[in-house]
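Letters A, B, ... mirror the listed sequences (proteins, then strands); counts begin at 1. Any value given below was found using the heavy atoms of this structure, including those in side chains, with hydrogens, waters and symmetry copies removed.
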Amino acid sequence: MDRRTFLHMLGLVTGTAALSACSSEKEQNRLISYLVPPEEGVIPGEALWHPGTCTECPAGCGMQVRLRDRWPVKAEGVPDHPVSAGGLCVRGQASLWRLYHPQRLKGPLLREGGEFRAISWDEAYARILAALDEARGTGRRSIYLAGRTTGSLAALLGESCAALELERLPEFELFCHAALRQANALLFGQGEVPHYRTDQADALFTLGADLLETFVTPVDFARQFANRAGRPGRRWWHAEPHFSLTGANADLRLPLRPGSEPHLLAWLLRRLADGGRRSLPAATVAALPDVTLSAAASATGLSPGELEELAAGLSRAQEPLVLTGGGATGGEGGLAAAMLAGLLQWTLGATGKSVDFTRTENYAGVGSLLDLERLAGQLERGEAGVLFVARANPVFHAPVAWNFAGRLRGATLRVGLGDFFDETLREMDLVLPLSHSLESWGDVEPRRGVRGLIRPAVLPLHDTRSEGDILLELRRRSGAAVPGNYQEHLFGEWRRRYDTHTLRSFVDRGFVEEPVTAPPVVLNARGATAFLRGLRLSPPSEPPMLVVAPSIRRFDGRSRPLQLLEDIPDPLTTVSYGAWVSISATDAALLRLAESDELRLSIGHWSAVLPVKVQPGLPAGVCVVQRDLLEANPGGADPRTGEALCHLDGLRLEKTGKRVDLPVLAGSSSQHGRGIIPDPAHRKEEYKRASLYPEHTHPEHRWAMAIDLALCIGCGACAAACYVENNVPVTGAKDHLRGREMSWLRIEPFYDVPGGVEFIPMLCQHCHYAPCEPVCPVYAAYHNPEGLNVQVYNRCIGTRYCSHNCPYKVRRFNWWSHRWEKPLDRMRNPDLSTRTRGMMEKCTFCIQRIRAAKDKAKDHGRPVRDGEVVTACAQSCPTGAIIFGDLNDSSSRVARLVRSERAYQVFAQLGTEPSVWYLMKKVRGEG
Amino acid sequence: MRGDKWRMRLLARLALVGWFGLALLVLAVLARHREQAPVAPVQPIDFPHTVHADRLKLACTFCHTFADRSSRAGVPPLATCMACHRSIAVERPEVRKLRGHVERREPVVWQRVHRLPDHVHFTHKRHVRAGVDCSACHGAVAKMERTKRVRPLTMGWCVTCHRARGAPTDCATCHR
Amino acid sequence: MTAGGRSVYALGTPVNLTLLKSVLPLVLCIHFARLGVMAGGATAAVALDIFGTPDRHRGLAAAILKRVAPGPGTVALLGLTAVLILLGVQFGYPPLAPSGPFWAGTLTPLLAGLALLSLYRRLLRQGRGMPLRASCGLAGIALVLVSSFLLCCGSGLLVMPEKWPLLEPVPMLLLSWSGTARYLEFTCLSFAATGAVIILLGERTAEPEDARFPRRLGGGMALLFMLAWPPVLLFGLFNLPAIALSGAVWLLAAAALVLAAILALQLAGALIKTEKRRALPILALFLALFALWVLIDHQARENALDEASRGGLDAVLTSAPASEKKPAAGMAPAVVEGKAVFERICAVCHRFEVRLVGPPLDAVVPKYREDPEALKAFIRTPVKRDPAYPEMPKLPLTEAEIEAVAAYLLEKAAP
């Protein structure tokens, strides 16, 4: 341990730990001294930022955490990060919940009988080594199955498996993109997921890939979406069987029948092969399935006109890009779709440009469900000795038909590494708790040439270890000479890789970009032709069918333990807690179902009972369930690619007659013509003011916000950021059903456009003439000289008059003093008060950040600069749709946007004069 | 008749005694309540500011290093004490106590003298940098054998000074 | 706010200050007791005069007035005590030297009120000009009460030193709940004592028939205000700032309550029993109660006003931005930096002229004039030289800082 770490720990253990432990009134009178002064640069009571990488999903976005007195209290994106460029999604924001979760595994556990009991690490290691020896003796193979692993850990895992004589299985990741990788291997010899640059394409056609939700790197795609949005003449078609957030944000959503993707792509390829940038060999073209326009139209369920328009758009474009993935490749025809899309990319000239094989997304070690099936076979045959499962949940993801949990019993010792008791860890004999990525050292390489840092921001909260440390310790105890701990191993690795300067910048910025050589990308025309010759297009699915969709809130289900993500509603349905099935209005009418009625879904032996939510814009005959909401994987795996099936035929629907209360947070799916999001023709009504009171003056600042609706994708990252930044309590399903949610910022979806949806983030509008202010009997709501509508919590007596008088319904009342179960209370931001029972609260425009910026400016003796105050929502927004600033400064970004002709205020006709301006998607009179 | 009168007088006297007894009770409760937050709580180590700040003329920020840099002035780490007390006045009983804490690696749990409610966000830095002397709010600490609270720390007191000095009086300055 | 470099709010400690401070409560007691009885008596008299029947009650009014209302001697006494109080505050608690307006504000209404009351007494004796007489009496009472209200508020200020520097920009700060409570306590005590005086008057009347009314009036009045006093006292204690409180204050308050209870029992006896009762002990008890009340105040004042709480009052309105310090001209940059290092670190233990923890530098530094390197070496790794001093600790100084501080020491130390 070096001096810094020592001081670190000492200060932590002695000083702040005890200090922040103060909770009761009496304890607050204690003032506990440090033993040694805090590290240089650390000022108690001031914020400190630690850069690192988000590990909530495989994308590897840059994430920095703000430490207050050594405890991480807020996660934010790292500006300039090559993957995320400053944004952070809703899951990244919630990742602090994983660190502080009360139900995290706190120490090694051993199953004895049916129960788990806590054991020491020594005992755990001893048992593993003994079991390994035993397996070796009996000729069984010990197996290591990990979730996606990149960077130094992947190398260490390889070495360790070799040293410990473990068979290292391909890594398990449900969204493994196996079809894409197989297709690219066949076509170009590159078995990789390329890095797509959708922002370079002027005509973009995405097929199934849910770019804005879970597809490979959603924050990056959201940023690319923002880059596209500003430029004229760009068009984005998105085809999918259901209605996803990605589809909602495309210029044109094409609802197609699942399974018809190869038909559509084959027709497109035939149609565009002639006029492409690169010509395909005649043999290849000849081998293409013969799909005519009418055949394609009848297979996909789209009109010939729509198809022609798509083809014409792509052929006209300078930089067309066809992209498939996600649900489109997760079916029987998945490989065909991926192959045809790859050929289309090639012939349209996208391969090598907007389809980048240089900085590919790193899925090298990832297998598919086929590998899991192989493992299941090994287990069944009793060939397996010790089975390690690390950071993966195969029991949840394996198809129910495989009975994976039952087959696991074939191993002699099952060792699970993870942080929560999930379906898989519950089946294990020995559970080893892993440290959070904010508690351990590490690195990831989500994309070739991009290495993200994982750096401890806090000492482990519980008796946990990092996976690297566990592996090294196992090797040491089995008699090998290993150098020190994982941290030393890593630093050795990094020193070998980088010079001092680069290493310094890596640790300071949280990432490093390494040069990567471009591989030769040449079309293997012969292979393609052979594949096409063997290709038989299977008929598309017949309704009614079940679409198992990925979830923006919980990815493949791994973020389920984070309750914050349940408090934030699903963007499209605004359902917060609980599971549901989305069905179309037609089906609901047909089956005489009302919302919240229970519906039994069954396919073969599988069945589930879920309440119904009517999803506008969903095609008839399609039922959608988010994968994380199901108890198990109902489908199988595509035998060719090993991808989980995303749409299932043969669905039977049956009304149970029961009702389940479903917390739907949106009051209405329609604006009822109130012009909250005005259509371009909406006229602004004039308002005349007469008042006896003196006008407000804003001598120094007038804070204002502009929200660009053309950029808002409705992802909810802003809401999550707001929760964490402002100590907004997570209330639970019971309160949500009573309409007592506490979120200061909500995103309202309005389904007024036929077949589409528009999102509008709604938060306190900080009205210049706020209706809440004059009705407060105790002046708890007042207008401050900086244009903020301030709520003084300690003055509030909870009459709720303000809330009743607010036309935007953004004020929240504390019906309870919300509890923060330990250690979640560590996450509370000390820069603002925690509200207690009987207080009204609402968005403050992150007044604590305004004050911090003013404080800093004052220290330097200068005025606050534009862009210096960034609210939590604006910081997190992956598309940069929220802009905050000072209206008094006429050159500020927000002032310029407010003057734009797209700018409008919600309910301007009421004369409230909000400080939030929205920028409508289109200018009045255009289109 | 006579008995009635006598009884009435007794009752009247009892009522009087009861009234004053009640007042005494309230007084006792009040005294107990107020003494619970003493202005000069007993500290685990009898640290004399008189020696350090008055006789030795140490600047406040010599020990409270963060007063001009952070919202909190910071109670000094024991290492700061030991920088001098490793060799100075080592045999004094209170310094021995201090050394004991350092040797046992056990922080000193001081009793807070100045405490603001949770809903007040006070920052030392801004006040110190505005040129407000520490003594304006803490009194002549250098003259205190045991540190005591000499200012009321009430909002009225804060606001009066803010008004007189032209400092902001917007609620959101301190309450958020 | 500072005079001659000495802080206005610093405490001067002349020997006779203690004497002054023990005399002040005595003067206060005399002043408030006498003034209180007078104001109370005048109020009772004016009330009897206005609402009573001329034949039955005016005599009593005149008798009360005769006893309590100001003759020239009383006016002189009250004026003198008032001046003494103000002077006492001026010299006993110099920071709060009563300002000109405060002197005028308390003395003028007092004297004018006293004059009006003596005029009223003359008019009543002559039995003339009822409306004029009544308004004259009422105005007199009001002025006397205003004066005592101001005095009470002034004494309330004495337990709130934090208000002193702000009085000039915010004169409204003179008013406080603490002062108001004190004034209410004074009123209660005064009227109760007046009641006792009226009983005494009744005792002295020859005819027992005539004695009944004054006794009832006096007894009732005294008892009523006696009963009203404890809540007011508690309110006053509740409003005392934390620094003014101490065990002594609570004990004195408890003693006062016990005394008040005894008094109330006595008064109840006087009210209920028809036989004669000696009123003088009651009056004596009242005087003792006044004395206790003044002592509570005195104790609170002494608690609140020590050197520590007065410190820093100068600083409240003055700003001394840190950037003011400018390096002295003609100093080498190294020396300037050395000075900063010295003041930050070395000055903890060293002065140039005198012994502090370490030896006076003027005595030890000149040794190194020939060999500055040795000085630097010593600062780098100190060794114990003189057994009379504790060992100097090794300090976390950079080489540049050692260089600078050595340069400064050699420059500054006496040759």
S.K.: Is the B:H138 ring parallel, tilted or perpendicular to the B:H124 ring (thresholds 30°, 60°)?
M.R.: parallel
S.K.: Would you please classify the geometry between the B:H127 ring and the B:F122 ring as parallel, tilted or perpendicular, with 30° and 60° separating the classes?
M.R.: parallel
S.K.: Is the distance between the ring centroids of B:F62 and B:H52 less than 6.0 Å?
M.R.: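 Ring-ring flag for B:F62/B:H52: false, centres at least 6.0 Å apart.
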S.K.: For C:L267, which atoms come within 4.5 Å of any heavy atom of chain B: side chain, backbone, both, or neither?
M.R.: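 Neither the backbone nor the side chain of C:L267 comes within 4.5 Å of chain B.
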S.K.: Take B:R151 and C:S309 through the side chain to side chain contact (heavy atoms under 4.5 Å, CB included) test and state the conclusion after the steps.
M.R.: CA-CA 7 Å; B:R151 301 285 182 263; C:S309 64; 4.2 Å; yes
S.K.: Is it true that a side-chain atom of B:R129 and a backbone atom of B:D68 form a donor plus acceptor pair closer than 3.5 Å?
M.R.: yes
S.K.: Among C:L237, C:V170, C:L223, C:L227, which residue forms the greatest number of heavy-atom pairs with chain B at distances under 4.5 Å?
M.R.: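 Of the candidates given, the most pairs with chain B belong to C:L227.
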S.K.: Any donor-acceptor pair under 3.5 Å linking the side-chain atoms of B:T173 with those of B:D170?
M.R.: no
S.K.: Name the member of B:A31, B:P152, B:A142, B:C134 that forms the most heavy-atom pairs with chain C at distances under 4.5 Å.
M.R.: B:A31
S.K.: Please look at B:L27 and chain C and tell me whether the side chain, the backbone, both or neither of the residue comes under 4.5 angstrom of a heavy atom of that chain.
M.R.: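 When you check distances to chain C, atoms from both the backbone and side chain of B:L27 fall under 4.5 Å.
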S.K.: Heavy-atom distance under 4.5 Å to chain B: side chain of C:L173, backbone, both or neither?
M.R.: side chain
S.K.: Check the pair C:F225 / C:L189 against side chain to side chain contact (heavy atoms under 4.5 Å, CB included), numbers first and verdict last.
M.R.: CA-CA 7 Å; C:F225 281 100; C:L189 283 182; over 6 Å; no
S.K.: Between B:K143, B:M144, B:R34, B:R163, which shows the greatest number of heavy-atom pairs under 4.5 Å with chain C?
M.R.: B:R34
S.K.: Side chain, backbone, both or neither: which part of C:P241 has a non-hydrogen atom closer than 4.5 Å to chain B?
M.R.: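 Answer is backbone: N, CA, C or O of C:P241 sit under 4.5 Å from chain B.
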S.K.: Given heavy-atom pairs under 4.5 angstrom as the criterion, report whether the side chain, backbone, both or neither of B:L24 touches chain C.
M.R.: both
S.K.: If you count heavy-atom pairs under 4.5 Å between each of C:V249, C:L245, C:I262 and chain B, which one has the most?
M.R.: C:L245
S.K.: Which one of B:V26, B:L30, B:V39 has the most heavy-atom pairs closer than 4.5 Å to chain C?
M.R.: B:L30
S.K.: Would you confirm whether C:H350, through its side chain, and C:L361, through its main-chain N or O, come within 3.5 Å as a donor-acceptor pair?
M.R.: no
S.K.: Against chain B, label C:V258 side chain, backbone, both or neither, depending on which of its atoms sit under 4.5 Å from a heavy atom there.
M.R.: side chain
